[in-house]
Amino acid sequence: MSDRLNVLKTYKLYVGGKFPRSESGRVYEVTDSKGKWLANAPLSSRKDARDAVVAARKAFGGWSGATAYNRGQVLYRVAEMLEGRRDQFTREVAEAEGLSKSKSAAVVDATIDRWVWYAGWTDKIAQVVGGGNPVAGPFFNLSSPEPTGVVAVLAPQESSFLGLVSVLAPVIATGNTAVVVASENAPLPALSLAEVLATSDVPGGVVNVLSGRTAEIATPLASHQDVNAIDLAGADEVLAKELEIAAADNLKRVLRPQPVDYAETPGIDRLTAFLETKTVWHPTGSLGASGSSY
């Protein structure tokens, strides 16, 4: 029996629930930690970034309008799908980050657990950061968190899978939609995650994944007038400063890069980073001179 040729995988972008090639047709070589060629990844352009923002904005209404419980169910379904493709991600993370198979498997397990952790917060975060406020007068005063909108997420450069999920999951768990810029040197786990999202219950456009040169993609996202916030986790000090200046043009909410041990259990900081608080006053309806009310 003759030897067969391997079927090489063609990695693509994930925009609006579809898998397009880069608008420019460009690709770049992705190598493992030892310089061995792994794949050609799409080299996204400014046009790809703008298309991703359009898709994210279109999906925002439906995703933010879904019940928090339903969002939790959808995110848990993603974790189920990740569990089913555990071996694939173990291999990709090992190649991307130069880890042994056992260490890579531990990272993948932690990543799946992290996704489940954030899925569990979808219908609980409102009770933690919202509620009734005491006021002097015959009023109900209620504060409720709402999603910010379209969030650009620069995935961490070194932690290609656990770090990626740690910055992406809290954004969409709270009802935002995301445009993700994958790790520049290790984008394959992010592009494979997009395949999981497409085959789970996440509506198209809620998460859009771009690969390529981080600075080239992030610059138009930071200055884009329809992007409401940006997470600079994957930017170095020089790039982060440039992007902050660009983001100030339409007063984007900016989460600056900071040292993070993604292996540690996170707090709720990233959940609250891209939430706005709406406060509503409502008269209680005082009756009579006695001050009784209903």
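Note that this is a predicted model, so its numbers are computed, not measured. Keep in mind that the numbers below use all heavy atoms, side chains included, and drop hydrogens, waters and symmetry copies.
- Residue pairs that meet the salt bridge (Lys or Arg N to Asp or Glu O under 4.0 Å) test with at least one member in residues 15-39, sequence neighbours left out, are R26-E216.
- Summarising the hydrophobic clusters (Ile, Leu, Val, Met, Phe, Trp, Tyr; side-chain heavy atoms under 4.5 Å, direct or chained), the residues clustered with F139 are V135, W281.
- Considering only residues two or more places apart in sequence or on other chains, S160 meets the side-chain contact (heavy atoms from CB on, under 4.5 Å) condition with A96, E97, A186, P189.
- Sorted by first and then second residue, the side chain to side chain donor-acceptor pair (under 3.5 Å) pairs involving residues 259-274 (not counting sequence neighbours) are D231-R270.
- If you check the side chains of T90 and D87, you find no donor sitting under 3.5 Å from an acceptor.
- The line from OG of S183 to CG of L191 is 10.5 Å long, rounded to the nearest 0.5 Å.
- Shown here are the side-chain contact (heavy atoms from CB on, under 4.5 Å) partners of A39, two or more places apart in sequence or in another chain: Y11, L188.
- Residue pairs meeting the salt bridge (Lys or Arg N to Asp or Glu O under 4.0 Å) criterion with at least one member in residues 176-191, sequence neighbours excluded, are E184-R213.
- For the salt bridge (Lys or Arg N to Asp or Glu O under 4.0 Å) condition, the pairs that include at least one residue of residues 140-151, sequence neighbours left out, are E146-K278.
- The salt bridge (Lys or Arg N to Asp or Glu O under 4.0 Å) analysis of residues 106-125, with sequence neighbours excluded, yields the pairs R86-D109.
- With sequence neighbours excluded, no residue forms a side chain to side chain donor-acceptor pair (under 3.5 Å) with E83.
- By the 4.5 Å side-chain criterion applied to Ile, Leu, Val, Met, Phe, Trp and Tyr, L8 is assigned to a cluster that also includes W37.
- Remark: E158 engages no residue in a side chain to side chain donor-acceptor pair (under 3.5 Å) (not counting sequence neighbours).
- Donor-acceptor pairing under 3.5 Å is lacking for the side chains of T148 and N228.
- Sorted by first and then second residue, the side chain to side chain donor-acceptor pair (under 3.5 Å) pairs with a member in residues 199-210 form an empty list; sequence neighbours excluded.
- In this structure the side chain of L154 reaches within 4.5 angstrom of the side chain of L243, judged on heavy atoms.
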